[in-house]
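For reference, the structure is listed below as structure tokens.
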Amino acid sequence: MELVERYTKRARWFHWLIAVLFLELVISGLLIFVPWINSDTIGTVTRVLHRIGAAILIAAPVLYTLYDWRKTWGFIKEGLTWGKEDLGWLEAAPGYYFGGDPRLMPPQGHSNTGMKLYRVSIFAGSAIFVITGFIMWFLKGVVPSAVFQWCLLLHDVTFIVALCMFLLHFQLAVFHPRMDESILSMYDGKVSGVYAKSHHGKWYDKIAKSNDEENSPEKS
Ligand code: HEM
């Protein structure tokens, strides 16, 4: 069976590192939030763990970018590049994800519109978390208390949105019957050609074309 590479080993390791850090921040953030768990000792330890997780979660993409800025730029650019087929996805998505005719879904690139929406929400959410988190961590008592309270509110509201987006991502990646090879692609990096063609037709055509050019007699 033809297999197609979707994610390199480095991309997969990086994804799982981000996933673990994100979950650590979700758990420690919830513990800080819930008053009856938040005794003095637990609260202090959790706050330290939350800050350590946040610092690593910020440092990891920065280091990745320094190591391979082209990959990072490609990732950002793809997330911000939108076209006609994205409107087609938005129109077809409700039917498609609830079991409708898959042929109504326009061919998608390496990332479909839903994945790009998730990326954009990650970019926006990260910016809000970093700015509000920085103010709450380092500028407590320096900024007016109204600014501090707004940061707290914005941090919490962004957390609720981020958690909802994550749960959607998790459900699609792990449980949705139509995405049955998705989790395999984050495990060993590959999906079948049939899956690539049916779920990411535009991307599949592009790699098939470049493979044909690679193997053409003029090249050899
Ligand atoms: C246990 C938790 C998670 C699971 C099981 C999971 C699963 C997956 C899978 C299977 C894919 C491949 C999608 C495909 O190409 O079909 C993927 C991609 C991705 N995941 Fe996760 N993920 C998790 C957590 C996260 C978290 C916490 C984030 C970020 C906050 C994240 C961000 C991404 C991104 C940006 C992609 C690439 C999608 C694209 O091409 O735009 N994931 N994930």
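Position 1 is the first residue of the sequence, and the numbers go up from there. Since the structure is predicted, the reported quantities are computational estimates derived from the model, not experimental observations. Atom set for the values below is all heavy atoms of this structure, side chains included, hydrogens, waters and symmetry mates excluded.
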Parallel, tilted or perpendicular: ring planes of F123 versus F75, cut at 30 and 60 degrees: perpendicular

Centroid-centroid under 6.0 Å between H15 and Y7 rings: no

Pairwise side-chain contact, Y64 with W69, heavy-atom cut-off 4.5 Å (strictly under): no

Any W73 side-chain heavy atom under 4.5 Å of T65 side chain: no

From CA spacing to verdict: side chain to side chain contact (heavy atoms under 4.5 Å, CB included), S182, Y195: CA-CA 9 Å; S182 178; Y195 182 89; 3.8 Å; yes

Nearest-0.5 Å distance that lies between atom CZ in R10 and atom CG in D68: 5.0 Å

Centroid-centroid distance, Y204 to H200, less than 6.0 Å: no

Contact check, side chains of V4 and K190, non-hydrogen atoms, under 4.5 Å: no

Heavy-atom donor-acceptor pair, Q108 side chain to T113 backbone, under 3.5 Å: yes

Any side-chain heavy-atom pair of Q171 and H176 under 4.5 Å: yes

Under 3.5 Å: donor-acceptor pair, side chain of R12, backbone of Y187: yes

Chi angles and distances behind the side chain to side chain contact (heavy atoms under 4.5 Å, CB included) call for Y96, W89: CA-CA 9 Å; Y96 179 82; W89 184 93; 5.8 Å; no

Atom pair CG (L25) and CD1 (I18), whose distance is rounded to the nearest 0.5 Å: 10.0 Å

E181/R6 ion pair, N-O < 4.0 Å: no

Criterion side chain to side chain contact (heavy atoms under 4.5 Å, CB included) on L3 and V191, from CA distance to verdict: CA-CA 6 Å; L3 290 175; V191 291; over 6 Å; no

Euclidean distance, K206 NZ relative to N211 CG, rounded to 0.5 Å: 12.5 Å

Closest contact, heavy atoms only, V62 versus I58: CG2-O, 3.2 Å

Student check: side-chain heavy atoms of L163 and V26 closer than 4.5 Å: yes

Exam field: side chain W16 to backbone M186, donor-acceptor pair closer than 3.5 Å: yes

Test item: H50 side-chain N/O and I27 main-chain N/O as donor-acceptor pair under 3.5 Å: no

Salt-bridge contact E85-K202 (side-chain N to carboxylate O under 4.0 Å): yes

Euclidean distance, K71 NZ relative to I76 CD1, rounded to 0.5 Å: 14.0 Å

CZ/F138: more than 12 non-hydrogen atoms of other groups inside 6.0 Å: yes

Validation row: M179, Y97 side chains within 4.5 angstrom (heavy atoms): yes

Close side-chain approach of F166 to L23, heavy-atom, < 4.5 Å: yes

E78 side chain vs S111 backbone, donor-acceptor pair below 3.5 Å: yes

Test applied, side-chain contact (heavy atoms from CB on, under 4.5 Å); reference residue, H155; option that passes from I135, T132, I131: T132

Verdict with reasoning, W150 to L153, per side chain to side chain contact (heavy atoms under 4.5 Å, CB included): CA-CA 5 Å; W150 274 108; L153 181 70; 3.8 Å; yes

Nearest non-hydrogen partners of P102 and R178, listed with the distance: CD-NH2, 3.4 Å

Check: L117 and W82 side chains under 4.5 Å, non-hydrogen atoms: yes

Check: I32 main-chain N/O paired with R47 side-chain donor or acceptor under 3.5 Å: no

Interatomic spacing from CG in L21 to CD1 in I56 - rounded to 0.5 Å: 6.0 Å

